[in-house]
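What follows is a set of notes on a single structure, which appears directly below.
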Amino acid sequence: MTATATWSAWSCKVRLVVEDDAVLAAASSELVRLLDQVDRAANRFRPDSELSKANTLHGRPVPV
């Protein structure tokens with residue numbers, strides 16, 4: 001039986017649909033974790049993101 005979870009992230013609506021309702025909670029947690037990782041790496045509005053750190057170096061090499 002399919003199951004759906006819906007929430008907001010990044011000013012957008014997120015909709016997760018899984019085929020097995022028994023895995024919905026775990027899949028939702030994993031997706032929230034993944035979206036958080038992407039946000040921490042690539043959010044141009046977060047001064048602590050990897051992207052913001054790279055931008056402050058004005059083209060010089062930076063580990064990300």
Side-chain angles (χ1 to χ4, degrees):
M1 172 181 284
T2 63
T4 304
T6 306
W7 66 92
S8 294
W10 307 345
S11 303
C12 299
K13 184 176 182 179
V14 177
R15 182 171 183 238
L16 174 65
V17 179
V18 296
E19 290 292 323
D20 180 355
D21 58 348
V23 302
L24 181 61
S28 295
S29 294
E30 183 64 19
L31 183 54
V32 167
R33 187 190 64 75
L34 177 61
L35 291 173
D36 184 57
Q37 283 181 321
V38 172
D39 184 60
R40 284 180 288 148
N43 187 328
R44 65 186 174 120
F45 302 108
R46 288 181 63 153
D48 63 336
S49 75
E50 293 178 16
L51 178 63
S52 292
K53 290 175 184 177
N55 284 337
T56 63
L57 294 178
H58 306 287
R60 292 182 306 234
V62 59
V64 293

key: salt bridge (Lys or Arg N to Asp or Glu O under 4.0 Å) pairs, two or more places apart, involving residues 21-34   = Glu30-Arg33
inquiry  = Applying side-chain contact (heavy atoms from CB on, under 4.5 Å), can you list everything that pairs with Ala27, at least two apart in sequence or on another chain?
reply    = Leu16, Val18
Extract all donor-acceptor atom pairs below 3.5 Å that involve side chains of residues 4-11 and protein atoms in other chains or at least two apart in sequence.
none

remark   = Heavy atoms of Val17 and Arg15 approach each other most closely as CG2-CZ, 3.9 Å
ask   = Which one of Val32, Val38, Leu31 satisfies the side chain to side chain contact (heavy atoms under 4.5 Å, CB included) criterion with Leu35?
value = Leu31
task = Return yes when atom CD of Glu19 has more than 12 non-hydrogen atoms of other residues, nucleotides or ligands closer than 6.0 Å, and no otherwise.
result = no
Within residues 37-46 or reaching into it, pairs that qualify as salt bridge (Lys or Arg N to Asp or Glu O under 4.0 Å) - sequence neighbours excluded = Asp36-Arg40, Asp39-Arg46, Arg46-Asp48
ask   = Residues in side-chain hydrogen bond (donor to acceptor under 3.5 Å, both in side chains) with Ser28, at least two apart?
value = none
Heavy-atom closest contact (Ser49 atom, Ala42 atom, distance) = CB-N, 4.4 Å
